[in-house]
Amino acid sequence: MGNVPVNNSAMNTPVILLNKLNIPIAWTLTDMYGNYTFENIALDTYKIHTETASARGESVVNLSTGNVTANADVMLKSSLTDITAPN
């Protein structure tokens with residue numbers, strides 16, 4: 001049957017890698033499965049930030065000699081608020 005994405009709502013979502021000073025050092029887009037990769041980065045602590053028009057998410061990863069590959073699931077949370085006008 002092959003690999004079929006279950007939900008493509010995270011497809012082509014920008015993902016930004018920030019250093020300890022919150023300075024962007026790399027960016028990429030998610031694939032059709034919502035996955036992303038940053039390659040050839042120094043061992044350090046990073047923040048992963050992603051944002052769409054209606055939601056945003058952040059995660060922290062720590063790369064060390066014992067952990068050279070980090071997987072970070074970023075959950076997007078909507079910042080929209082339901083505002084109802086008074087009657």
Side-chain angles (χ1 to χ4, degrees):
M1 185 170 186
N3 291 334
V4 178
V6 176
N7 181 351
N8 66 359
S9 62
M11 185 171 139
N12 290 325
T13 300
V15 181
I16 302 167
L17 185 68
L18 301 111
N19 66 13
K20 288 180 185 177
L21 302 174
N22 285 328
I23 297 171
I25 59 167
W27 72 276
T28 190
L29 294 173
T30 57
D31 66 12
M32 64 194 285
Y33 302 102
N35 300 318
Y36 59 91
T37 302
F38 291 108
E39 297 179 359
N40 301 318
I41 56 175
L43 301 179
D44 207 346
T45 300
Y46 298 95
K47 185 184 296 183
I48 297 174
H49 177 84
T50 187
E51 190 168 341
T52 66
S54 61
R56 61 183 298 231
E58 285 186 356
S59 182
V60 174
V61 296
N62 184 23
L63 300 180
S64 64
T65 55
N67 182 29
V68 295
T69 303
N71 296 327
D73 294 331
V74 178
M75 179 173 291
L76 296 173
K77 296 181 182 177
S78 177
S79 59
L80 298 178
T81 304
D82 183 24
I83 299 173
T84 306
N87 290 338

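Values in this document were obtained by computation on a predicted structure and should not be read as measured data.
Considering all non-hydrogen atoms of both residues, Leu63 and Ala42 come closest at CD1-O, 4.1 Å. Residues Pro14 and Thr50 come closest through the heavy atom pair O-OG1, 2.5 Å.
Using a 4.5 Å cut-off on side-chain heavy atoms (C-beta onward), Leu29 and Trp27 make contact. A 4.5 Å side-chain heavy-atom check between Tyr36 and Ile48 finds at least one atom pair inside the cut-off. Between Phe38 and Val15 the shortest side-chain heavy-atom distance falls below 4.5 Å.
Taking NZ of Lys47 as the reference point, atom CD1 of Ile23 lies at 12.0 Å (rounded to 0.5 Å). Atom CG of residue Asn12 and atom CG of residue Asp31 lie 9.0 Å apart, to the nearest 0.5 angstrom.
No side-chain donor-acceptor contact under 3.5 Å links Thr13 to the backbone of Thr30.
Shown are Asn22, Leu17, Leu21; of these, the side-chain contact (heavy atoms from CB on, under 4.5 Å) with Asn19 is made only by Leu21. Screening Ile41, Val60, Leu18, Asn62 against Tyr46 for a side-chain contact (heavy atoms from CB on, under 4.5 Å) leaves a single residue, Ile41.
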